[in-house]
**Student:** 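First, the structure itself, so that you have it in front of you.
Chain naming here is simple, since letters A, B, ... match the order of the sequence lines and numbering starts at 1 in each.
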Amino acid sequence: MSDAPRYRFAPSPTGFFHVGGARTALYNWALALRTGGTFVLRVEDTDESRNSPEWTQGIIDALSWLGIDSKSPRFEGPYFQSQNAELHVAAALRLFDAGNAYWCDLTPDQIQARAKETGKQGYDGYSRDRGLTGGPGQVLRFRVPAGKTIVTDLVRGDVEFANDTIEDFVLLRSNGSPMFLLANVVDDIEMKITNVVRAEEHLPNTPKQQMLWEALGHAAPIWAHVPVLVNEQRKKLSKRRDKVALEQYREEGILPDAMINYLMTLGWAPAGDTEIVPWSRIVDEFRLEDVNHSPAFFDIKKLASFNGDYIRAMTLEAFIEASAPVLAASQAWPSDRFNAQVFAQAAPLVQTRVVTLSEVPAMVDFLFLADPAIDEDAWTKTMSADFAREVLTDFATSVATSEWNHDSLKAILETWTEAHGLKLGKTQAPIRVAVTGRTVGPPLFESIEILGRDETIRRLNSGIARLG
RNA sequence: GGCCCCAUCGUCUAGUGGCCUAGGACACCACCCUCUCAAGGUGGCGGCACGGGUUCGAAUCCCGUUGGGGCUGCCA
């Protein structure tokens with residue numbers, strides 16, 4: 001098993017979990033599962049400003065929500081890049097000793113000034129042969145060899161870079177700390193990573209990393225650069241502009257299975273005519289070679305549709321259980337008025353009517369409010385019907401002594417409706433508004449049945465009173 | 001500017017030279033069902049960026065154009 005592939009996911013902790021990162025993690029996880037390989041989590045925390053212990057827990061929690069279980073035998077880590085700093089520096093020094101790196105005392109300002117002078121871009125290799133020996137204020141730069149670098153990529157094929165278009169990049173900062181490129185490669189070597197699957201934005205870095213692997217005496221891993229996720233403007237999803245936090249979707253009632261399934265269909269599709277497929281099938285079918293080459297728009301509407309499908313596919317028990325937290329957290333009614341048994345009765349009525357769990361409370365609030373919140377527009381619209389008062393009055397009278405189930409309740413109104421030459425769609429409206437406060441909602445007669453006779457009659461009468 | 005990547009309905013995709021008068025999904029529209037709203041069912045709208053090749057035959061291969069995107073830091 002020593003040749004089982006080792007995949008890795010290497011996020012930098014930034015305080016929230018990016019949906020793009022989630023997809024990359026899922027790709028790596030699916031691959032590790034199918035190949036009998038390992039998923040290594042490494043937190044790239046070498047930038048002080050991106051380092052906070054709770055961020056790390058956030059990553060673990062987010063992965064776990066996505067079904068990437070840190071206790072699975074397929075999972076390894078988390079490792080922390082910051083803890084390997086000594087290794088990174090040692091590798092850099094080895095590179096210097098071997099002549100693959102050299103010291104440079106140019107400041108960023110000086111580099112810019114030189115570039116302006118020569119009319120060229122970036123650092124020009126000024127210190128290559130100056131024989132500097134290091135010390136305060138000097139950075140260590142990699143000596144990019146002549147020739148070209150060919151990156152063999154599982155999704156993109158061979159990508160060729162002319163080495164003279166790659167400047168001698170910094171390995172060690174002037175304060176002696178290692179840069180990301182170096183740290184990343186040294187860690188990957190150290191952790192025996194065989195497959196690097198990451199977002200396309202890293203592709204331009206790849207020739208540099210490949211040169212590092214080789215200079216350090218190792219064969220480069222198998223690369224795969226998957227397309228980035230973009231917004232409606234076709235720009236890379238960004239924290240500032242876009243809704244990218246996985247946690248936010250979780251809070252809004254997106255189901256993990258829906259998110260997982262949706263994310264996997266961005267840039268890839270399972271065989272057949274349906275995109276809604278269980279994770280087990282994704283694991284069986286997912287291949288990097290089949291991943292699309294172009295950026296994919298993260299479409300919240302389609303995500304919502306997937307979520308609706310997943311909600312409807314749940315058993316009633318599962319739906320009730322999944323709704324419990326949002327119900328408990330809801331501010332829609334005084335918490336002591338909530339009744340789990342009542343909700344359980346209403347649950348089948350709401351399950352087909354919500355797309356996210358967060359919509360559940362608004363669907364049943366009239367059951368838990370002392371008085372339903374009357375929507376004014378709904379009221380004026382429905383109560384302006386000339387039969388409104390009469391239907392309310394007659395219905396209240398009839399149901400006072402009728403059998404208490406939705407079929408009889410419906411039959412009562414149907415009889416009344418026919419006798420008045422009207423349509424049930426019309427006559428139910430005033431009753432619905434008086435009882436629930438709105439023109440839309442779960443089926444009326446079922447709702448009334450659950451609400452109970454006394455409360456229904458009370459609301460009907462208070463509606464009549466409100467009519468004046 | 002330089003380097004690199006990409007290009008099938010509005011969006012996500014199927015498609016790897018003939019099965020394509022291009023299939024599915026989301027969105028949208030219509031109809032059916034129906035106590036409202038959903039769900040469900042049926043149907044519709046809508047696409048191979050453009051121009052050259054190669055080939056008996058091109059969405060599929062090649063070149064160019066155009067258009068998008070990414071990277072370009074002593075961030076990761």
**Student:** Hey, can you tell me if F319(A) and F343(A) have their rings parallel, tilted or perpendicular (30° and 60° cut-offs)?
**Tutor:**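 Correct class here is tilted.
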**Student:** Report which part of the nucleic acid E167(A) touches: base, sugar-phosphate, or nothing (heavy-atom distance under 4.0 Å, all strands).
**Tutor:**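 Contact class for E167(A): none.
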**Student:** Is any N or O donor-acceptor pair between the side chain of S174(A) and the base of C74(B) shorter than 3.5 Å?
**Tutor:**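 Counting by modelled atom types and ignoring angles, a donor-acceptor contact under 3.5 Å is found here.
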**Student:** Counting only Watson-Crick pairs (N1-N3 plus N6-O4 or O6-N4) and G-U wobbles (N1-O2, O6-N3), all under 3.5 Å, who is the partner of A27(B)?
**Tutor:**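 WC or wobble partner does not exist here.
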**Student:** Give the B/S/- string for nucleotides 63-68 of chain B, one per nucleotide from 5' to 3', where a protein heavy atom under 4.0 Å of the base yields B, of only the sugar-phosphate yields S, and otherwise -.
**Tutor:** ------
**Student:** NA contact type, E201(A), heavy-atom cut-off 4.0 Å: base, sugar-phosphate, or nothing?
**Tutor:**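 Since only primed, P, OP1 and OP2 atoms lie under 4.0 Å of E201(A), the category is sugar-phosphate.
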**Student:** Please list, pair by pair, any protein nitrogen or oxygen found under 3.5 Å from a nitrogen or oxygen in nucleotides 29-33 of chain B.
**Tutor:**
none

**Student:** If I take atom CG from residue N261(A) and atom CG from residue D309(A), how far apart are they, to the nearest 0.5 angstrom?
**Tutor:**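 Between atom CG of N261(A) and atom CG of D309(A) there are 9.0 Å.
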**Student:** Spell out yes or no: do the side chain of E446(A) and the base of C35(B) have one donor N/O and one acceptor N/O closer than 3.5 Å?
**Tutor:**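 When only heavy-atom distances are counted, E446(A) does reach the base of C35(B) through a donor-acceptor pair under 3.5 Å.
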**Student:** With a 3.5 Å limit on both atom pairs, tell me what G51(B) is paired to, counting Watson-Crick and G-U wobble, or say none.
**Tutor:**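 Result: C63(B).
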**Student:** Using a heavy-atom cut-off of 4.0 Å across all strands, would you classify P442(A) as base, sugar-phosphate, or nothing?
**Tutor:**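 Base contact - P442(A) has a heavy atom under 4.0 Å of at least one base atom.
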**Student:** Taking the C1' atom in each of A58(B) and C63(B), what is the distance between them to the nearest angstrom?
**Tutor:**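 Comparing C1' positions in A58(B) and C63(B) gives a spacing of 15 Å.
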**Student:** Could you work out the separation of G18(B) and C61(B) based on their P atoms and round it to a whole Å?
**Tutor:**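 Those two atoms are separated by 12 Å.
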**Student:** Can you tell me whether the side chain of K302(A) and the base of C12(B) have a donor-acceptor pair closer than 3.5 Å?
**Tutor:**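 Such a pair is found, so the answer is yes.
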**Student:** Taking NZ, NE, NH1 and NH2 as the nitrogens, is one of them in D365(A) or R438(A) under 4.0 Å from a carboxylate oxygen of the other?
**Tutor:**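 A salt bridge is present here (some side-chain N lies under 4.0 Å from a carboxylate O).
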**Student:** Under a 3.5 Å cutoff, is there a donor and acceptor pairing between the side chains of R173(A) and S177(A)?
**Tutor:**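 Yes - a donor-acceptor pair under 3.5 Å links their side chains.
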**Student:** Below 3.5 Å, does any donor atom in the side chain of R156(A) face an acceptor in the base of C5(B), or the other way round?
**Tutor:**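 Not at all, since no donor on one side and acceptor on the other fall under 3.5 Å apart.
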**Student:** When rounded to the nearest Å, what value does the distance between P atoms of A59(B) and C20(B) take?
**Tutor:**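 Roughly 13 Å separates the two P atoms.
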**Student:** Kindly assign one of parallel, tilted or perpendicular to the pair F9(A) and F17(A), based on the angle between their ring planes and the thresholds 30° and 60°.
**Tutor:**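 Geometry flag for F17(A) against F9(A): tilted rings.
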**Student:** By nearest heavy atom, map H202(A) and V354(A) onto RNA chain B; which one lands nearer the 5' end?
**Tutor:**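 Of the two residues, V354(A) wins.
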**Student:** C3(B), C74(B), C35(B): which one has an atom nearest the side-chain heavy atoms of T165(A)?
**Tutor:**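 From the listed options, C3(B) comes nearest.
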**Student:** Rounding to an integer number of angstrom, what distance separates C3(B) and A25(B) when you compare their C1' atoms?
**Tutor:**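 To the nearest whole Å, 37 Å.
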**Student:** Write down the distance separating the P atoms in G17(B) and A76(B), rounded off to the nearest Å.
**Tutor:**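 After rounding to an integer number of Å, I get 44 Å for this pair.
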**Student:** Take atom CD in Q112(A); do more than 12 heavy atoms of anything else shown fall under 6.0 Å from it?
**Tutor:**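 At most 12 heavy atoms, drawn from other residues, nucleotides or ligands, come within 6.0 Å of this atom.
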**Student:** Relative to W379(A), does R466(A) satisfy both conditions: NZ or CZ under 6.0 angstrom from the six-membered ring centre, and within 45 degrees of the ring's axis?
**Tutor:**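 Yes, cation above the ring, under 6.0 Å and within 45°.
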**Student:** Hey, is the side chain of Q121(A) pairing donor to acceptor with the base of G1(B) inside 3.5 Å?
**Tutor:**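 Answer is yes: a donor-acceptor pair is held.
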**Student:** I need the R453(A) CZ to E403(A) CD distance, nearest 0.5 Å.
**Tutor:**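 The distance works out to 9.5 Å.
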**Student:** In whole angstrom, give the distance that lies between atom CD of Q112(A) and atom P of G73(B).
**Tutor:**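 Distance check: Q112(A) CD to G73(B) P gives 10 Å.
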**Student:** How far apart are the C-alpha atoms of F16(A) and Y249(A), what are their side-chain angles, what is the distance that settles it, and do they pass the ring-ring contact (aromatic ring centres under 6.0 Å, His included) test?
**Tutor:** CA-CA 12 Å; F16(A) 67 98; Y249(A) 289 98; over 10 Å; no
**Student:** Closer to the 5' end of RNA chain B via nearest nucleotide, is it L424(A) or A10(A)?
**Tutor:**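 Per heavy-atom nearest nucleotide, the more 5' residue is L424(A).
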**Student:** Over 60° means perpendicular and under 30° means parallel, so classify the ring planes of W223(A) and H225(A), tilted if in between.
**Tutor:**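 Taking W223(A) first and then H225(A), their aromatic rings lie parallel (interplane angle under 30°).
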